[in-house]
Amino acid sequence: MTYKEARVYLDEMSKYGSVLGLDTIRGLLRELGNPQDDLKFIHITGTNGKGSVLAYTSTILSEAGYRIGRYVSPTVVSYLERIQVDGEWIPETEFAELTEVVKHAIARLKAAGEPAPTVFETETAIAFLYFRKKNCDLAVIEAGLGGALDATNIIQNTVCAVFSSISLDHLGVIGDTLEEIAENKAGILKPGCTAVSARQKDSAEQILRRRAGKYGCRYVQAEPERAEIMREDYRGIRFSYKEFGEVRTNMAGRNQIENAVTALETIRALRGLGYEIGNDAVKRGIERTAWPGRFSCIGENPVFILDGAHNEDAALKLRESVEAYFSGRRLIGIMGVFKDKEYEKIARIMGPILSVVYPVALPDRERGLPPERLAEALKPHCPCVRAPEERTEQEAAVVQAVQGALAEAGEKDVILAFGSLSYLHQIKEAYDEAGQCPAGKEG
């Protein structure tokens, strides 16, 4: 099987959607020799920020000399980005080889009358096989949806269960209230592991603490209020936290302090378990962490920011960051979201600070909100909404939006592309094609 054939196989499988539950992934992994049982895990869930927490944590551990697997979704730059070891994407050849192994296992399951796995379950199995093959010391993995019934929750050897900020998202799928969502996400806790959490709303925190106590888990709370900020702008943040001293992250945004200190508390927990992680490794890891699509500056003059703010809480944090970093500057927006998100709330939060906004469709037409409907949601809040013509192809509409935004932006203006992570790679490609000034670095 070639890489192209592997992708075709998985793309065909993706048409059948996703199903929450662990029975199917359990059967598939049993057929593959349960590779997850030979690994140790840091399991991360949450609504916003879990990808950033994962990136900080895994990069620090790699800098400390451990071999670290990383499993994330969705990705921005490349499909292969979702499975990594020490920051290196899985090679196409190895991805193809392991996909073929999993394909044969699925064929055997089907022949025995067992249900076929979903594409996410299949990708999760490929990741576990790859991490075992590479003899990873730890695998830092992100729950795909919720926690309790997510395919990643098949693991048992959880060293740390980490919770980024929990808020309302995926309503009706993993819960209808914050408390139900927190209960679902608390399902990643395993007896005896260490629970590490970002600051949570009181009701969510109570649920996490109660579940941690039930399983005999030590509960660690991040304390972002104890972070001392020395310098902050859209290029990054310098701060100190507890015994780590001064560190610098090149990731900006008002939520990044919370994400970074949650990762640092995870490192403190691992130190307490005997992992040797020096402060030098921490400083290098924080500074070298990169996570595309999280308040990422891809250009200057005008400043061009990408951010995957796709729910109400993320939009509030994005607006706070924009108002802090770009006070008094004209803002031009590009927005694309899934129709199952609270897009009207996002429009109400972001629309008033934008002079112009370009609503665009997403690559996934099934889940994507049509730009015409998004435009209607934005019009009451933004003075100028430029929706593409109805027959415009999705990729062409994204290119037109980027070109239009660049054409009407002055050097001191700011362009902000936000919403779903799934289209931000198209924004970056269109920007690169336009040959604009790349993002500079802080001196």
Heavy atoms of Tyr358 and Ala405 approach each other most closely as OH-N, 3.6 Å
Nearest non-hydrogen partners of Leu22 and Asn153, listed with the distance | CD1-O, 4.1 Å
Any donor-acceptor N/O pair, Asp86 side chain to Arg67 backbone, under 3.5 Å | no
Sidechain N-carboxylate O distance under 4.0 Å for Lys201, Glu205 | no
Lys190 NZ: over 12 foreign heavy atoms closer than 6.0 Å = yes
Under 3.5 Å, is there a donor-acceptor pair between the side chain of Lys185 and the main chain of Glu183?
-> no
So, Asn255 versus Asn48: side-chain donor-acceptor pair below 3.5 Å or not?
-> no
Counting heavy atoms not belonging to Glu88, are there more than 12 under 6.0 Å from its CD?
-> no
Is the Phe304-Tyr431 ring centre distance short of 6.0 angstrom?
-> yes
Please walk me through it: do Lys133 and Glu94 pass salt bridge (Lys or Arg N to Asp or Glu O under 4.0 Å)?
-> CA-CA 10 Å; Lys133 179 180 178 181; Glu94 292 194 77; 2.8 Å; yes
Leu421 and Gly293: which non-hydrogen atoms are nearest, and at how many Å?
-> CD2-O, 3.8 Å
Considering only heavy atoms from C-beta outward, does the side chain of Met350 approach that of Arg319 to under 4.5 Å?
-> yes
Just how far is it from atom CD1 of Ile90 to atom CD of Glu81, taken to the nearest 0.5 Å?
-> 13.5 Å
Cation-pi check, Arg7 to Tyr9: give yes when NZ or CZ is under 6.0 Å from the six-membered ring centre and within 45° of the ring axis, no otherwise.
-> no
Donor-acceptor pair, side chain of Thr24 and main chain of Pro117, under 3.5 angstrom = no
Working for side chain to side chain contact (heavy atoms under 4.5 Å, CB included), residues Ile349 and Leu318 = CA-CA 9 Å; Ile349 293 164; Leu318 174 58; over 6 Å; no
Check whether any side-chain heavy atom of Tyr56 sits under 4.5 Å from a side-chain heavy atom of Thr262, and report yes or no.
-> no
Evaluation steps, salt bridge (Lys or Arg N to Asp or Glu O under 4.0 Å), between Lys317 and Glu320 = CA-CA 5 Å; Lys317 289 175 179 175; Glu320 182 185 356; over 6 Å; no
Donor-acceptor pair, side chain of Asn184 and main chain of Gly146, under 3.5 angstrom | no
Does atom NZ of Lys283 have more than 12 heavy-atom neighbours from other groups under 6.0 Å away?
-> yes
Checking side-chain hydrogen bond (donor to acceptor under 3.5 Å, both in side chains) for the pair Tyr3/Thr99: CA distance, chi angles, key distance, verdict?
-> CA-CA 9 Å; Tyr3 174 67; Thr99 301; over 6 Å; no
How far apart are the closest heavy atoms of Ala96 and Ala6, and which atoms are they?
-> CA-CB, 4.1 Å
Ignoring hydrogens and angles, state whether a donor on the side chain of Glu92 or Tyr79 is under 3.5 Å from an acceptor on the partner side chain.
-> no
Between the main-chain N or O of Ala64 and the side-chain N or O of Tyr275, is there a donor-acceptor pair closer than 3.5 Å?
-> no
Check Phe120 against Ser73 and note the closest heavy-atom contact, atom names and distance.
-> CE1-OG, 3.8 Å
Side chain to side chain contact (heavy atoms under 4.5 Å, CB included) between Arg271 and Val282: does it pass, once the steps are laid out?
-> CA-CA 12 Å; Arg271 283 175 168 178; Val282 172; 4.1 Å; yes
Can you measure from CD1 (Ile166) to CG (Asp313) and round to the nearest 0.5 angstrom?
-> 11.0 Å
Scanning both residues in full, the closest heavy-atom pair of Leu29 with Ile154 reads CD1-CG2, 3.5 Å
Audit row: Phe128, Phe41, ring pair (Phe, Tyr, Trp, His ring centres under 6.0 Å) steps and yes/no | CA-CA 11 Å; Phe128 292 163; Phe41 295 91; 5.4 Å; yes
Glu31 side chain to His104 backbone, donor-acceptor under 3.5 Å | no
Does any N or O in the side chain of Gln221 come within less than 3.5 Å of the main-chain N or O of Ala198, such that one atom is a donor and the other an acceptor?
-> yes
Run the side chain to side chain contact (heavy atoms under 4.5 Å, CB included) check on Val159 and Thr194 step by step: do they pass?
-> CA-CA 6 Å; Val159 177; Thr194 299; over 6 Å; no
Given side chains that start at C-beta, do those of Thr118 and Met13 come closer than 4.5 Å, heavy atoms only?
-> no
Are Thr45 and Glu142 side-chain neighbours, meaning at least one heavy-atom pair lies under 4.5 Å?
-> no
Over 12 non-hydrogen atoms of neighbours within 6.0 angstrom of NZ in Lys339 = yes
Just wondering, are more than 12 heavy atoms of other shown residues or ligands nearer than 6.0 Å to NZ in Lys110?
-> no
Working for salt bridge (Lys or Arg N to Asp or Glu O under 4.0 Å), residues Glu376 and Arg373 = CA-CA 5 Å; Glu376 289 304 312; Arg373 284 175 56 190; over 6 Å; no
Contact check, side chains of Glu114 and Arg108, non-hydrogen atoms, under 4.5 Å = no
Hey, are the side chains of Leu61 and Ser58 touching, using non-hydrogen atoms and a 4.5 Å cut-off?
-> no
Would you say the side chain of Ile60 lies within less than 4.5 Å of the side chain of Leu264, judging by non-hydrogen atoms?
-> yes
Is there a side-chain contact between Ile305 and Val303, using heavy atoms and a 4.5 Å cut-off?
-> yes
Please answer whether the main-chain N or O of Cys193 pairs with a side-chain N or O of Thr158 as donor and acceptor at a distance below 3.5 Å.
-> no
Within the 6.0 Å centroid threshold, strictly below: Tyr343 and Phe338 | no
Candidate pair Arg132 and Asp38, rule salt bridge (Lys or Arg N to Asp or Glu O under 4.0 Å), full reasoning | CA-CA 7 Å; Arg132 182 174 69 176; Asp38 296 324; 3.3 Å; yes
Does Glu258 pair with Arg199 as a salt bridge, N-O distance under 4.0 Å?
-> no
May I ask you to check whether over 12 heavy atoms, not counting those of Glu395, lie within 6.0 Å of atom CD?
-> no
Straight-line distance of Asn311 CG to Ser420 OG, nearest 0.5 Å = 11.0 Å
Looking only at atom types and distance, does a side-chain atom of Ser164 sit under 3.5 Å from a main-chain N or O of Lys50, one as donor and one as acceptor?
-> yes
Determine yes or no for a side-chain-to-main-chain donor-acceptor pair under 3.5 angstrom, with Arg70 supplying the side chain and Val85 the backbone.
-> no
Val261, Ile237, Thr289 screened by side chain to side chain contact (heavy atoms under 4.5 Å, CB included) with Gln256, the one that passes | Ile237
Indicate yes or no: does Asp340 engage Arg367 in a salt bridge with an N to O separation below 4.0 Å.
-> yes
For this output row, return yes or no: ring centroids of Tyr71 and Phe131 closer than 6.0 angstrom.
-> no
Apply side chain to side chain contact (heavy atoms under 4.5 Å, CB included) to Glu97 and Glu100, showing your working.
-> CA-CA 5 Å; Glu97 290 169 5; Glu100 187 163 24; 5.9 Å; no
